[in-house]
Q: 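A single structure is presented below for examination.
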Amino acid sequence: MEVVVSFPSFILFLLLSSATVAFSQNYSDHLHFYFLERVAGSPNATAVVSVNLHPESSAGGFGNIGVIDNILLEGPEPSSPVIGRAQGLAVFSDLTGLSITTALNLVFTAGEYNGSSLAMFGRYEPGRVSDRSIIGGSGQFRLARGYALSQLVNATATTLTAEFDVYITYPGPCVMISSAYK
């Protein structure tokens, strides 16, 4: 049996085999913070319904889509220091209940994670602990994986406050090792 290898394929093989990327170590973190939402219709609303197929329903309905830019706080009080924003979409995707599919970026704007973000996706169920996936990140959290647990801790006519516990693993800084430059 004769194996034929083209010259460009051989060069590509040599380049790929001579360089590797090594991660110095994996890090694990537990982040604890609060999420403040100012509901639509309240002053300075941070959540609005952008597609409203069911205007008769105050709580939303199947097919409705909301856009949020909620505040991440260090503590449960609205006067707590702001550490970031939760920005993304909430889609009412349950025909039989009120569960909501969320796609959010947790963007950190203060503290040791300033400039980094986490991508969170999953199902939010009012009245229950919601378990959503961390599917990526940026900055310090590049390639993050994990999960977020959240639950409502306070609700008024104009605001919702939820407690978040986020558990993530992410690689440390990467180092390029290349035998071509040794």
Q: Using 0.5 Å steps for rounding, measure from the CG atom of Leu143 to the CG atom of Asn26.
A: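 So the CG of Leu143 and the CG of Asn26 are separated by 9.5 Å.
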Q: Run the side chain to side chain contact (heavy atoms under 4.5 Å, CB included) test on Asn114 and Phe108 for me, step by step, so that the C-alpha distance in whole Å, both residues' side-chain angles and the decisive distance to 0.1 Å come before the verdict.
A: CA-CA 5 Å; Asn114 185 15; Phe108 297 96; 5.9 Å; no
Q: I need the Arg38 CZ to Ile68 CD1 distance, nearest 0.5 Å.
A: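 Spacing of CZ (Arg38) from CD1 (Ile68) equals 13.5 Å.
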Q: How many angstroms lie between atom CG of Leu118 and atom OG of Ser133, to the nearest 0.5 angstrom?
A: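 That separation rounds to 12.5 Å.
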Q: Output, in order, the C-alpha distance, side-chain angles, deciding distance and verdict of side chain to side chain contact (heavy atoms under 4.5 Å, CB included) for Leu98 and Glu125.
A: CA-CA 7 Å; Leu98 245 183; Glu125 296 180 71; over 6 Å; no
Q: In terms of hydrophobic clustering (I, L, V, M, F, W, Y; side-chain heavy atoms under 4.5 Å; direct or indirect links), are Leu31 and Tyr27 co-clustered?
A: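 They do share one cluster, since a chain of ILVMFWY contacts under 4.5 Å joins Leu31 to Tyr27.
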Q: What's the shortest heavy-atom distance between Ser138 and Gly115, and which atoms?
A: OG-O, 4.5 Å
Q: Which heavy atom in Ser99 sits nearest to a heavy atom in Pro126, and how many Å separate them?
A: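 Nearest heavy atoms, Ser99 then Pro126: CA-CD, 4.5 Å.
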Q: Dump the intermediate steps for side chain to side chain contact (heavy atoms under 4.5 Å, CB included) on Phe33 and Asp165, then the final yes or no.
A: CA-CA 7 Å; Phe33 54 86; Asp165 282 293; over 6 Å; no
Q: Establish, from distance only, whether the side-chain atoms of Asn154 and Thr156 form a donor-acceptor pair under 3.5 Å.
A: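 Asn154 vs Thr156: no donor-acceptor pair found between side chains.
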Q: Evaluate Arg132 against Thr102 for side-chain hydrogen bond (donor to acceptor under 3.5 Å, both in side chains), listing each step before the verdict.
A: CA-CA 9 Å; Arg132 291 177 267 187; Thr102 61; 3.0 Å; yes
Q: Going by atom types only, do Ser130 and Arg123 share a side-chain donor-acceptor pair under 3.5 Å?
A: no
Q: Can the ring centroids of Phe164 and Tyr34 be said to lie less than 6.0 angstrom from one another?
A: no
Q: Same cluster or not: Met120 versus Ile168, using hydrophobic residues (I, L, V, M, F, W, Y) connected whenever any side-chain heavy atoms lie under 4.5 Å apart?
A: yes
Q: Ignoring hydrogens, what is the shortest heavy-atom contact between Thr161 and Pro76? Give both atom names and the distance.
A: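 Scanning both residues completely, I find the closest heavy atoms to be CG2-O, 3.8 Å.
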Q: Going hydrophobic residue to hydrophobic residue with side-chain gaps under 4.5 angstrom, can you get from Ile83 over to Val107?
A: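 No, it is not one cluster - the side chains of Ile83 and Val107 are not joined through contacts under 4.5 Å.
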Q: Is Tyr170 linked to Ile134 within one hydrophobic cluster, defined over Ile, Leu, Val, Met, Phe, Trp and Tyr using a side-chain heavy-atom separation of less than 4.5 Å?
A: yes
Q: If we ignore hydrogens and angles and just use 3.5 Å, is the side chain of Thr169 paired with the main-chain N or O of Ser28 as donor and acceptor?
A: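 Not at all, since once roles are kept as given, no pair shorter than 3.5 Å links the two residues.
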Q: Might you work through the side chain to side chain contact (heavy atoms under 4.5 Å, CB included) test for Phe35 and Leu72, ending with a clear yes or no?
A: CA-CA 5 Å; Phe35 170 108; Leu72 299 181; 4.2 Å; yes
Q: Give a yes-or-no answer on whether the side chains of Thr46 and Asn70 include a donor-acceptor pair shorter than 3.5 Å.
A: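 Indeed, the side chains of Thr46 and Asn70 share at least one donor-acceptor pair under 3.5 Å.
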Q: Taking all atoms of both residues into account, what is the closest heavy-atom pair of Ser50 and Val67, and its distance?
A: OG-CG2, 3.7 Å
Q: Among Leu160, Val82, Leu73, which one satisfies side chain to side chain contact (heavy atoms under 4.5 Å, CB included) with Leu36?
A: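 Among the candidates, only Leu73 passes.
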Q: I'd like to know if the side chain of Asn105 pairs up with that of Gln87 as donor and acceptor (distance under 3.5 Å, no hydrogens or angles considered).
A: no
Q: Under 3.5 Å, is there a donor on one side chain and an acceptor on the other for Asp29 and Tyr167?
A: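 No.
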Q: Output the distance between atom NE2 (His32) and atom CD (Glu163), rounded to the nearest 0.5 Å.
A: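 Nearest 0.5 Å value for the NE2-CD distance: 4.0 Å.
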Q: Distance from Ser117 atom OG to Arg142 atom CZ, nearest 0.5 Å?
A: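 These two atoms lie 9.5 Å from each other.
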Q: Counting C-beta onward and ignoring hydrogens, is there a side-chain heavy-atom pair between Tyr147 and Asp131 closer than 4.5 Å?
A: yes
Q: Any link between Val91 and Val51 through a network of hydrophobic side chains (Ile, Leu, Val, Met, Phe, Trp, Tyr) touching at under 4.5 Å?
A: yes
Q: Could you grab the distance from atom CG of Leu89 to atom CG of Leu104, nearest 0.5 Å is fine?
A: 8.0 Å
